[in-house]
Amino acid sequence: MPPAMRIPTRAVVSFCALLGTALVVGATASGLYDYTDDELSGPEQPIQFSHAVHASKLGIECLYCHTTADKGQHATIPAVSVCMGCHQWVKEGASPGSAEEIAKLHEFYQQGESIPWLKIHNLPEHVQFKHFRHSHAGVECQTCHGPVESMNRVWLVPDTVLRPSSAFLPAAKLEMGWCMNCHLERGAADDCAACHY
Amino acid sequence: MAAISEAVPQTADQYNEDILAVLKPPSPLYVLAVLGLLGLVGAGVVALAVQTYFGMGVTGLMHPVMWGVYITTFVFWVGIAHAGTLISAILFLFRASWRNAINRGAEAMTVFAVITAGLFPLIHLGRLWKFYYMFPYPNQRGLWTNFKSPLEWDVFAVGTYTIISILFFAVGLIPDVAAARDRVTDWRRHLYGILAMGWRGTSEQWRHHSRAVLHLSGLATPLVLSVHSVVSWDFAVSLVPGWHTTIFAPYFVAGAIFSGMAMVITVLVPVRRAFHLESYIRLEHFDNMGKFIVLTSTIVGYSYAVEFFMAWYSANPYEQMSFWHRAFGDYWWATWIMISCNILVPLPLWIKRVRMHVPTMWVIAIFINLGMWFERFVIITTGLSHEYSPAAWGYYTPSWVELTILAASFAWFLMLFMIFLRLFPVIAIQETKELHYHRAEGH
Amino acid sequence: MPEIDRRDFLKIVGLSAGAAATAACREPVEKIVPYLNQPEEVTPGIASFYASTCRECPASCGLIVKTREGRPIKVDGNPADPISQGRLCVRGQASLLRTYDASRLAGPLKRAADGNLVPTTWEDGLSILVDKLREHSGKVAFLGGLETGTLDGLIDDLLAAIGSPNRVRFEPFAYESLRKANEQLFGTATVPQFRFERADLIVSFGADWQETWLSPVKQQIGYAEARRGGKAFAVYVGPRLGLSGADMDEWLAPVPGTEMQLALALLREVALVKRADLGALSGRLRSQTTAGAAEATGIPVERIRRLARRIADADAPLALPPGNEMQGSNATGLAAAVQLLNYASGAIGKTVVFGPDHNLERLGGFSDLKNLAGRLRSKAVGMLLVHGANPVYAAPALGFAEAMASTFTVSFASANDETTALADLVLPDHTPYESWGDAEPLRGVRLLQQPTVRPLRDTRATGDVLLEAARALGVGESLPAGSFKDAIAARWADVGFDQALANGGVFNPAPQRSVTLSAGAATAAFENAKLSGEGDLVLLVYPSLGLYDGRSARFATLQEVPNPVTKLVWGSYAELHPDTAARLGVEFGDVLRVTSEAGQLELPVVVHETVRPEVIAIEAGQGHQPVEPGAPDPDYLKLRSQIGANAFTLLSGKTDSESGALAWLSAKVRAEKTGAKLLMPLTQPTFDQEGRGIAQATTMAAVLGLDAGNHHAPAHGGEQHEPPYADAMHLETVDFDPADDARSPDYRWGMVIDLDACTGCNACVTACVQENNIFTIGEELVRQGREMHWIRLERYVEHHGDEIEVRHAPMLCQHCGSAPCEPVCPVFATYHNDEGLNVMVPNRCIGTRYCANNCSYKVRRFNYFAYDRFLREPEQLRLNPDVTVRSKGVMEKCTFCVQRISAAKDQAVIEGRKVRDGEVIPACAQTCPSQAITFGNHKDPASRVSKQRADGRAYWVFQHLNTRPAVTYLKSIRRGETGKA
């Protein structure tokens with residue numbers, strides 16, 4: 001067969017290969033596989049604070065520390081003074097290494113500087129999320145935050161929903177599609193202005 | 001044909017000789033020209049980068065004129081893109097054989113023009129990096145696009161047009177690139193090889209090919225009307241005095257063909273000269289294109305008249321004020337450039353001798369291009385600058401960024417066209433051959 | 001466009017290269033840092049409110065300060081306060097900027113050997129202060145503004161303790177002539193209250209009662225109350241129709257200087273009708289014939305007579321004594337004449353009440369400043385302490401700059417100004433929102449001022465500084481113990497400090513007292529104002545609505561609020577009558593050289609028919625020297641290094657012979673064309689509404705239903721009707737019910753704006769800017785037409801023969817039921833929500849700008865640049881966290897304060913009920929002193945908006961476009977046969 005016939009086959013093959021790579025790269029970039037191992041175990045925090053110990057073992061209510069979760073826009077991280085409320089006496093816990101961690105807390109407090117926690121559950125600034133509206137609607141903390149009470153390190157529990165309205169494209173936790181999924185299921189507001197203004 | 005007293009090639013091979021002559025290595029002058037154009041395009045890219053980094057503020061846009069040079073240029077290039085399809089498809093269907101000499105050039109022009117046009121809706125976005133919001137792609141947010149919005153219609157109209165015109169161009173090219181493939185030896189051989197899709201000129205392939213061309217022509221024909229109608233609705237469906245009128249669709253289509261023809265002449269005349277194609281792009285072609293221009297110019301002129309008449313006749317004070325402002329307000333100069341270039345300048349074309357005089361045709365064509373750009377500028381700018389609320393009237397002057405990008409768009413178009421010239425036969429060999437044989441039979 | 005430096009360029013190159021790559025980047029890890037010690041009453045995400053006091057002008061309105069996470073983000077009037085009554089003016093709304101001012105002084109400065117002001121420590125600064133006080137004890141003078149609280153007493157005590165009782169309380173607007181006149185007539189040198197709300201006829205002799213004069217907010221509230229429903233006819237007398245005049249029904253413009261004759265003629269006629277006993281005065285009035293007055297003033301006899309008749313017939317007339325702009329060489333006489341008019345017409349005790357007086361009697365004036373300057377020159381004063389005054393700027397005629405040169409001067413200003421720049425020691429005070437304080441603007445109305453934010457700079461409360469100094473000097477025992485705050489607490493102990501703090505103060509106004517005409521009245525001198533200087537134009541310097549005497553000129557926001565008359569921003573301009581402009585051969589934008597005895601200025605011309613032909617009017621308050629660190633620094637917002645020109649420099653310092661007040665209206669000036677022409681930052685190109693019925697008016701007759709022809713068909717009548725007012729376009733309109741435009745069964749938000757109440761005072765514009773994080777973009781961008789204000793306060797001038805009628809219409813997003821902007825957006829960034837709001841989602845917007853093109857009202861604003869980059873530390877602290885800061889390339893517009901709607905709904909949902917009427921109040925409606933704006937729910941037939949919408953005066957702008965706007969306008973009412981509607 002004439003040379004003309006062979007060239008396109010090669011071209012076609014290489015084109016397909018190119019397309020394939022482009023798709024993979026694109027999919028990765030678009031954040032479909034967003035979770036690294038490190039995140040699954042939760043990033044290292046300035047102090048190794050264990051919700052498992054405080055919430056489960058000691059059975060402290062969420063609202064005891066996150067006081068405004070049912071009152072205000074933010075759930076708020078407790079002030080260092082709140083931690084010190086107990087820990088000025090509690091200098092060592094049951095779990096190994098707790099003494100060092102509590103010592104860190106004391107150090108922070110004596111230094112008069114606050115604790116630079118890493119933010120795990122992060123929403124963009126153009127989202128006006130109101131915590132108390134959700135707690136008032138009876139949404140469990142765990143629905144969005146996962147089983148925090150069993151975590152030694154808080155991490156964003158990967159959760160993806162597939163909705164018909166989004167052509168069954170995976171919406172990862174705290175992405176808009178994920179919020180919308182719940183809103184639609186519960187018949188909550190589906191108005192853009194409910195969260196964006 | 002009597003009037004045409006030019007040497008007609010006698011043998012079929014001479015066609016290949018003459019036409020494929022373009023495939024000889026380029027002259028330094030040509031290379032220089034292409035590099036110059038590339039430089040201008042580069043300037044445009046920098047201007048766009050500046051605009052993207054700092055924001056639309058670097059343009060001259062303001063309240064209330066939120067659209068300016070960009071949308072003007074978009075409509076202009078979409079318009080240009082029409083002549084190609086018209087010549088290739090419609091004239092093909094009407095068996096207007098004279099088209100064969102110019103259709104290749106016109107089709108190429110169409111492709112490049114529509115590619116250029118397609119850039120501007122993106123360039124004019126406040127957040128260029130979010131352009132993909134305009135496409136109805138499935139996304140996790142479950143958000144969709146607004147199919148009520150004329151801008152959304154544009155996405156599809158222009159998109160479709162791009163695909164069809166490229167297809168049309170590529171298919172028409174097949175036999176010729178095959179011919180070219182067999183005479184070059186360097187890297188171009190591969191390119192032609194791919195584009196020729198294994199063309200060997202069997203009668204089988206010929207049959208399929210002519211069928212394909214026929215069907216594509218059928219597909220393309222309605223687009224000539226639809227695309228620019230849709231573009232015109234960007235304005236017609238809005239509430240802006242001077243935009244909100246039913247005449248826009250036919251008016252824009254006529255204008256598109258008008259400007260398209262003019263652009264064909266503007267581009268082909270130098271090519272004809274440079275490649276000594278006088279015996280292929282012959283005076284009869286200019287004569288016919290001249291007739292087209294006279295026709296469309298008249299339609300456009302009529303549309304202008306009707307617009308003003310309706311403004312007066314509607315007794316709608318907003319409309320009246322807007323058109324008074326158009327003719328005698330801040331933008332009177334633009335309006336009168338538009339009217340003189342699009343109506344007065346083409347008048348001599350009623351005379352055959354003018355239509356047959358290439359240099360004159362060329363000059364007239366250039367003026368028409370100018371005039372048609374200003375037509376869109378006038379419609380957009382004067383409409384917006386004098387709307388309902390007198391407290392929000394304003395005067396818009398383009399900034400250097402906009403003008404650079406405008407210039408770059410022309411450079412980009414010409415650059416693509418020049419590269420095309422060196423790469424492909426600017427005249428459809430096979431079809432011209434047909435023409436030759438038909439003529440031979442005619443003798 | 002912004003300059004590109006090398007770094008930007010590299011960024012651009014990088015950007016053009018890697019634009020695609022960045023799209024896929026992961027978000028950076030954010031830190032979340034809690035409080036160290038949880039402060040009580042501060043909860044992140046929940047606003048807390050504090051009562052305080054506005055210190056932008058002596059009116060001292062009560063405030064409610066909204067703070068989030070410990071920083072004030074919005075102020076509004078304190079409803080409990082009898083002065084502000086929950087409302088604020090344009091300056092009050094912007095007052096937070098004084099605290100978040102990027103070019104504030106960072107800390108104490110001292111004059112170094114090389115003559116420059118250099119930073120120093122407080123210890124050093126205080127020791128210098130103490131040494132100097134010791135050195136100059138007995139020769140110390142304290143120049144301050146009006147203080148009516150604890151600080152006032154403290155200063156007196158200190159000066160007494162160091163044996164140098166030289167105290168000058170200086171305000172550029174000191175009402176000396178009025179006080180003097182009252183002393184002559186009634187034997188009490190006080191400023192009475194002018195109770196607008198009781199009046200049925202208001203005649204202002206050049207008093208800008210809603211701009212700067214006395215207590216603008218209180219007066220505007222009273223004015224609106226008096227005028228509601230078409231009552232209270234108002235007449236303005238003066239050479240220029242300013243903001244206050246523009247809303248009044250009739251304009252009498254006497255030849256400048258002859259106002260006296262008009263006043264006397266009116267007095268004579270009214271006295272005759274009312275048989276008022278003017279004692280010896282009546283004799284002197286005989287010569288004051290109306291014909292003579294008409295002759296001199298150029299006002300037709302019958303118009304003077306008509307006005308006199310109006311005054312005589314009125315139950316509760318009110319004549320306002322001259323404001324600063326009409327304060328001439330005869331100021332006291334004119335004030336006396338006007339007060340006599342009040343006396344003759346029986347207004348005294350009815351609409352002009354003594355007690356509770358404005359607390360101004362201790363206020364000094366121009367004359368005191370004058371002898372202070374003299375004593376500085378004669379070295380009688382060796383040391384000068386300046387607090388809350390800027391004489392170098394405000395009284396150029398007195399040559400303070402050189403007078404101070406040889407004196408050791410200490411400035412307590414919190415930000416740099418002309419006087420501070422010349423000081424030898426600068427000990428910056430806190431700003432009002434950072435410090436304790438109190439004020440007593442009206443006798444018995446005492447307000448407390450409390451800190452709402454930790455001081456942002458290294459400043460100290462002047463009260464504390466003085467106390468410390470006193471103790472260091474060993475005279476502390478004669479002063480209150482503890483800190484300045486303790487001093488205040490002590491002073492308030494009797495009325496219960498904590499309770500007062502919660503309420504914002506104690507409000508038991510002093511009782512009204514009756515006054516009688518004293519014999520001294522006979523001696524009042526009545527002559528015309530003397531105008532000196534060669535030249536054929538009369539110079540009219542008028543106080544600025546936005547900048548007061550110039551003390552607010554450093555607020556970029558206020559610089560960008562359009563002048564209510566010229567609609568220009570960022571500068572000062574010479575206003576000329578068209579005839580005068582024609583005579584001088586100048587037009588809009590041409591630069592004039594204005595020369596007076598005292599000085600020369602070059603100003604661009606503004607031409608409008610609301611000034612008298614022989615007058616050239618210039619706004620005061622601009623033209624501050626660019627001093628570093630100083631008011632708005634040049635590269636900030638790409639400003640000219642100096643904004644406008646200081647009109648005070650044209651005043652030669654002539655005074656009113658009797659009260660010693662500065663004679664503002666005393667100069668004749670020469671004006672010639674320079675040939676230069678400027679592009680003007682104009683926010684409204686034309687004042688002619690082309691008969692498009694944007695700002696409509698109706699007649700009293702129509703309102704009362706007497707004149708069926710003009711009467712508007714009921715809003716829900718459903719039938720089509722001719723546009724009710726002649727100047728509305730004769731295009732077919734269809735009635736509609738906004739309630740149909742919302743899918744929600746509960747809510748359809750809507751607004752009603754009463755144009756009869758609206759005076760165009762700009763308070764709503766400023767409130768909107770503060771509430772919604774609207775950025776100030778600078779002169780250059782305004783000139784290019786990129787203004788960002790969500791409310792465009794449109795001003796239109798109508799002509800009825802030679803009569804001029806000014807109308808105002810606040811134009812904001814109409815939240816149309818069928819909005820032109822919605823269908824054209826390709827990405828649903830703007831859409832109609834279930835509650836009828838036209839929602840704008842900034843983060844979905846891609847910036848096609850089609851919506852703005854298709855908006856018939858032109859109320860959409862586009863972010864041409866990343867304006868948040870224009871913010872300078874610490875300005876970002878004032879941003880409202882409840883409103884998203886828009887990025888570059890997106891559209892924005894009025895949201896009906898959706899964040900407030902949302903908050904109200906939160907409350908309602910939690911309490912399991914619907915939002916009540918009046919629960920949602922947008923920022924504009926909340927602050928409007930005229931209460932022209934009502935917001936509410938059209939689905940609730942009982943709501944105020946539903947009721948008002950059915951009013952006969954209701955109309956919709958561009959109704960023929962069938963956009964079904966949710967904003968209903970109520971036509972302004974033309975009272976009487978001539979003048980303003």
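Chain identifiers are assigned alphabetically (A, B, ...) following the order of the sequence lines, protein sequences preceding nucleic acid strands; residue numbering begins at 1 within each chain.
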Contact origin within C/Y850 toward chain B - heavy atom pairs under 4.5 Å
both
Pair C/Q689, C/E798: side-chain N/O donor-acceptor within cut-off below 3.5 Å:
yes
Salt bridge or not for C/R783 and C/E779, using N-O below 4.0 Å?
yes
C/Y796 versus chain B, the contacting section by heavy-atom distance below 4.5 Å:
side chain
If one checks every heavy atom of B/L61 against chain C at 4.5 Å, the contacting part turns out to be both
Can you tell which part of B/W393 gets under 4.5 Å to a heavy atom of chain C, answering side chain, backbone, both or neither?
both
Measure distances from B/W243 to the heavy atoms of chain C and classify the residue's part below 4.5 Å as side chain, backbone, both or neither.
side chain
Checking an interface table here. Which of residues 372-379 of chain B come within a heavy-atom distance under 4.5 Å of chain C?
none
Do C/E560 and C/W570 get their side chains close enough for a donor-acceptor pair, meaning under 3.5 Å?
yes
Contact origin within C/R786 toward chain B - heavy atom pairs under 4.5 Å
both
Just so I understand: if I count every heavy-atom pair under 4.5 Å between each of B/F147, B/Y395, B/W144, B/Y396 and chain C, which residue has the most?
B/W144
Contacting region of C/E787 [heavy-atom separation from chain B under 4.5 Å]:
both
For the candidates C/N853, C/V957, C/N863, which exhibits the highest count of non-hydrogen atom pairs separated by less than 4.5 Å from chain B?
C/N853
Looking at every non-hydrogen atom in both residues, tell me the closest pair between C/T683 and C/K567 and how far apart they are.
OG1-O, 2.8 Å
Measure B/Y132 against the heavy atoms of chain C and call it side chain, backbone, both or neither at under 4.5 Å.
neither
Toward chain B, the part of C/R861 with a non-hydrogen atom under 4.5 Å
both
Note: vs chain C, highest number of non-hydrogen pairs under 4.5 angstrom among B/K130, B/M56, B/H63 is B/H63
